[in-house]
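Beneath this line is the structure, given in structure tokens, with notes to follow.
Side chains are part of it too, since the values below use all heavy atoms of this structure and drop only hydrogens, waters and symmetry mates. Sequence lines set the chain letters: A, B, ... in the order given, protein chains first and strands last, and positions in each chain run from 1.
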Amino acid sequence: MKPEDQIELAKSEYPDILVEEKKSNEHPLAELKNVRGRVVMRMAPSPSGPLHLGHTRMCILNDEYVKRYGGDLILRIEDTNPNNIYPPAYEMIQEDNRWLGVNFTKFIIQSERIPLYYEKAEELIMMGKAYMCTCKVEDFKKDLMNSQACPHRDIRPEEHLQLFRDVVSGKDRSKSPVLIIKTDLFHPNPAVRDWIAFRVIETPHPHTGKKYRFYPLMNFSVAVDDHELGLTHVIRGSDHINNTERQKYIFKYFDWPLPEYFHYGMIHIGDAILKTSLMRKGIESGKYVGWDDVQLATVRSLAKRGYRKETFRKYWVDSGLKDVNSDFSWDIFNSINRLLIDKSSDRYFFVPDPVEIKIEGSPEATSRIPLYPNEESRGYRTYKVEKNPVISVPSGDIMGLKDGDIIRLKDLYNIKKDGDHFIFAGMENTGERKKIIQWVGKDAQEFSILKPDGTTDRGLIESLLAGKRGIFQMERYAFVNVIGDHTGLYLHR
RNA sequence: GCUCCGAUGGUGUAGUCCGGUCAAGCAUAUCGGCCUUUCGAGCCGACGACCCGGGUCCGAAUCCCGGUCGGAGCACCA
């Protein structure tokens with residue numbers, strides 16, 4: 001019975017079963033606390049490479065809230081470690097955000113703000129809240145674990161200030177000094193006790209060259225900037241929970257109002273390489289063709305394969321702001337994307353791992369296959385098939401067949417296995433066939449599909465795909481982004 | 001070891017703040033049926049969860065205590 005008939009029957013015979021309404025699957029994000037008027041939020045990636053799937057959660061969540069409440073979304077490049085910078089990333093990160101539809105209203109580069117950090121550091125030194133230290137790393141750590149003050153901690157601020165300025169100017173090059181923020185040596189969490197705010201790095205900075213040599217660490221520059229830029233709400237991963245505690249000391253010393261902090265849980269993304277350093281190594285060694293290699297879960301790779309920006313947004317909005325760790329679900333991600341692309345994807349036949357079969361006793365025939373099922377207006381792919389042809393089918397589909405088994409070549413005719421060949425078994429699409437499979441004629445083209453696991457499916461594509469580009473569904477195979485006459489990128493089933 | 005965070009079906013989540021309407025909703029996955037000349041889409045149905053133990057209460061997924069398990073951090077990375 002057809003669905004419409006079922007509904008008709010239900011209406012007339014069993015009206016009571018239809019009262020149940022389908023509940024909405026709307027799943028808006030929870031409200032943020034303490035929103036008064038416009039919000040100011042930020043994304044703070046380091047420029048070690050382009051954005052990857054993991055970053056997109058930060059981008060989408062911040063963007064969603066700024067769009068909801070109105071306000072500013074700051075893209076702040078955290079490049080205070082010259083040893084960890086991939087220069088093209090400054091531009092790539094902006095491109096990736098634009099592609100995602102993330103509308104940042106301000107663009108800030110931290111390495112351009114070093115004088116501000118110096119100024120705040122000097123103020124803290126004179127307040128007695130920061131000190132210069134030249135201890136050996138091991139000694140410093142040991143002291144912290146034992147709640148012991150290092151010998152430099154209680155020297156007069158003026159001396160610290162002088163040393164700080166000498167290190168900044170390069171006059172003092174004798175040691176490896178650091179600037180440390182005083183917190184509480186007896187803080188129960190050792191991670192929060194006196195922490196390092198500046199260290200010397202002599203590597204030339206890709207953005208500022210040799211202008212500076214005393215660089216702030218993330219916790220210092222973040223705290224200063226979050227205040228200076230007027231952040232009202234901070235959303236970031238739960239790996240920053242301890243950093244938040246550390247940064248709060250800076251706010252306390254300056255008596256700055258605290259933003260609202262939210263930490264979402266860590267997402268474990270299986271089957272994906274997310275470490276920028278690994279990607280970069282692979283690109284340099286030739287293992288990957290570039291940052292958009294299908295094996296990488298970068299935004300540009302996923303975009304190239306055919307994921308839509310709306311998929312990212314819906315996935316992360318649905319995931320919400322929960323602070324529990326969870327597994328990323330490719331199933332759900334793909335399912336969202338499939339719904340978005342299905343209607344606009346014409347159908348074609350791709351025969352992976354093809355084998356040629358000889359058909360006997362068949363008449364000349366014409367196959368008219370819809371470009372999209374049940375939508376005649378979109379047109380057909382039409383092929384003339386000579387009598388007793390040789391055609392190619394997926395080896396996997398005929399492997400287990402026994403003599404006498406009937407299969408149907410989709411939109412063509414039935415064939416019956418008989419020893420090493422097949423015999424024509426009627427035009428009609430009867431119920432006897434074991435399955436309906438895709439096929440291609442001898443005008444088919446070689447076609448390779450690159451898959452994210454690094455493998456390639458080789459086979460034949462029907463000739464009418466020639467010259468076409470974009471996302472198509474290869475029937476019974478998967479959705480594929482066709483990027484060349486002989487190449488496609490695997491998207492998902 | 002220390003600090004902090006959390007625990008709802010296979011997976012992702014809703015509900016938890018302000019206990020009853022939750023014998024727990026949605027999505028995805030799986031399985032069955034319908035539809036379909038795709039293993040896609042659509043429709044119908046099934047399956048399947050409140051970590052454990054105490055306590056408070058007429059009543060606990062929701063509050064309290066203890067345990068277990070999982071995670072994050074304890075870098076001169078961000």
| Watson-Crick or G-U wobble mate for B:C18, both contacts under 3.5 Å | none

| message | Could you check, using the six-membered ring where one of them is a Trp, whether A:Phe349 and A:Tyr477 have ring centers closer than 6.0 angstrom? | response | no

| message | Base, sugar-phosphate or nothing for A:Glu78? Non-hydrogen atoms, less than 4.0 Å. | response | sugar-phosphate

| A:Arg76/A:Asp226 salt bridge by N-O under 4.0 Å criterion | yes

| request: Considering just the side-chain nitrogens and oxygens of A:Thr80, establish if one lies under 4.0 Å of OP1 or OP2 belonging to B:A78. | output: yes

| said: Closer than 3.5 angstrom, by distance alone: can the side chain of A:Ser147 be matched with the main-chain N or O of A:Leu185 as a donor-acceptor pair? | reply: yes

| Nearest listed nucleotide, side chain of A:Arg408, among B:U37, B:G40, B:A72 | B:U37

| request: Return the nucleotide paired to B:A27: Watson-Crick means purine N1 to pyrimidine N3 with N6-O4 or O6-N4, wobble means G-U with N1-O2 and O6-N3, both under 3.5 Å. | output: B:U11

| field | Side-chain donor/acceptor of A:Gln473 to base of B:U38, under 3.5 Å | value | yes

| request: Kindly point out which of B:U38, B:G73, B:U28 is positioned nearest to the side chain of A:Asp331? | output: B:U28

| message | Tell me the interatomic distance from A:Tyr372, atom OH, to B:U36, atom C1', rounded to whole angstroms. | response | 12 Å

| query | When we call it a touch if two heavy atoms are under 4.0 Å apart, what does A:Met266 touch: a base, just sugar-phosphate, or nothing? | reply | sugar-phosphate

| request: Looking at every strand, decide which applies to A:Arg347 at a 4.0 Å heavy-atom threshold: base, sugar-phosphate, or nothing. | output: base

| message | Please evaluate residues A:Tyr315 and A:Phe328 with respect to the criterion ring-ring contact (aromatic ring centres under 6.0 Å, His included), reporting the C-alpha separation (whole Å), side-chain torsions for both, the decisive distance (0.1 Å), and the verdict. | response | CA-CA 10 Å; A:Tyr315 187 88; A:Phe328 183 82; 4.7 Å; yes

| query | Contact class for A:Leu217 vs. all strands (heavy atom < 4.0 Å): base, sugar-phosphate, or nothing? | reply | sugar-phosphate

| task | Measure the spacing between CZ of A:Arg381 and OG of A:Ser367 and express it to the nearest 0.5 Å. | result | 8.0 Å

| task | Would you indicate which nucleotide in B:A78, B:U28, B:C76 comes nearest to any side-chain atom of A:Lys141? | result | B:C76

| task | Would you mind reading off the distance between A:Asn242 atom CG and B:A75 atom C1', rounded to a whole angstrom? | result | 13 Å

| task | May I ask which nucleotide in the shown strands pairs with B:C43, Watson-Crick or G-U wobble, both distances under 3.5 Å? | result | B:G33

| Paired with B:U56 by Watson-Crick or G-U wobble geometry, both distances under 3.5 Å: which nucleotide is it? | none

| task | Give none if B:U38 has no partner; otherwise give the nucleotide forming a Watson-Crick or G-U wobble pair with it, both distances under 3.5 Å. | result | none

| query | Base, sugar-phosphate, or nothing for A:Asp327, non-hydrogen atoms under 4.0 angstrom? | reply | sugar-phosphate

| request: Check the pair A:Glu138, A:Lys141 against salt bridge (charged side-chain N to carboxylate O under 4.0 Å, His left out), reporting the backbone distance first and the verdict last. | output: CA-CA 5 Å; A:Glu138 314 87 81; A:Lys141 282 186 185 167; over 6 Å; no

| task | Pick base, sugar-phosphate or nothing for A:Asn243, based on heavy-atom distances below 4.0 Å to the nucleic acid. | result | base

| remark: A:Asp342 CG to B:G40 C1', in whole Å, measures 6 Å

| Are A:Arg347 and A:Asp342 ion-paired here, with the side-chain N under 4.0 Å from a carboxylate O? | yes

| task | Mind checking A:Pro188 for me? I need base, sugar-phosphate or nothing, with any heavy atom below 4.0 Å counting as a touch. | result | sugar-phosphate

| remark: Closest of B:A41, B:C77, B:U37 to the A:Asn429 side chain is B:U37

| message | Partner lookup for B:A61, please. Criteria are Watson-Crick or G-U wobble with both distances under 3.5 angstrom; report none if nothing qualifies. | response | none

| query | Between B:C77 and A:Arg199, is there an OP1 or OP2 to side-chain N/O distance shorter than 4.0 Å? | reply | yes

| said: Give me the atom names and distance for the closest heavy-atom approach of A:Ser111 to A:Thr208. | reply: O-CG2, 3.5 Å

| message | Does A:Phe479 reach a base, just sugar-phosphate, or nothing at all? Heavy atoms under 4.0 Å. | response | sugar-phosphate

| Would you say B:U37 has OP1 or OP2 under 4.0 Å from some side-chain N or O of A:Arg433? | no

| request: For A:Leu339 and B:U28, give me the distance from atom CG to atom P, rounded to whole Å. | output: 8 Å

| message | Mind checking if A:Asn414 touches a base, just sugar-phosphate, or nothing, with heavy atoms under 4.0 Å? | response | nothing

| query | Which of these nucleotides, B:U28, B:C2, B:U38, is closest to any side-chain atom of A:Pro190? | reply | B:C2

| note | Comparing nearest nucleotides in RNA chain B, the 5'-proximal residue of the pair A:Phe198, A:Lys322 is A:Lys322

| field | Side-chain N,O (A:Ser326) to OP1/OP2 (B:U13) below 4.0 Å | value | yes

| query | What nucleic acid atoms does A:Ile437 come within less than 4.0 Å of, heavy atoms only: base, sugar-phosphate, or nothing? | reply | nothing

| Out of B:A27, B:C76, B:A41, whichever nucleotide has its closest atom nearest the side chain of A:Ile196 | B:C76

| Within this structure, what is the OH-to-C1' distance between A:Tyr264 and B:U13, rounded to whole angstrom? | 17 Å

| request: Side chain of A:Val137 only, please: which of B:U11, B:C4, B:C76 is the nearest? | output: B:C76

| task | For A:Ile341 and B:U38, give me the distance from atom CD1 to atom C1', rounded to whole Å. | result | 15 Å

| task | Let me know the distance between CG of A:Asp194 and P of B:A75, rounded to the nearest Å. | result | 14 Å

| task | Using a 4.0 Å heavy-atom cut-off across all strands, classify A:Val324 as base, sugar-phosphate, or nothing. | result | sugar-phosphate

| request: Tell me what A:His240 touches on the nucleic acid: a base, only sugar-phosphate, or nothing, going by heavy atoms under 4.0 Å. | output: base

| Which of parallel (below 30°), tilted (30 to 60°) and perpendicular (above 60°) describes A:Trp330 and A:Tyr307? | tilted

| query | When rounded to the nearest Å, what value does the distance between P atoms of B:C22 and B:G6 take? | reply | 27 Å

| request: Identify, between A:Val222 and A:Ile436, the residue whose nearest nucleotide on RNA chain B lies closer to the 5' end. | output: A:Ile436

| request: Sort out the partner of B:G70 for me: Watson-Crick or G-U wobble, both distances under 3.5 Å, none otherwise. | output: B:C5

| Nearest to the side chain of A:Ser335 - B:A41, B:U28, B:A78? | B:U28

| remark: Here the distance between atom P of B:A72 and atom CZ of A:Arg236, to the nearest Å, is 17 Å

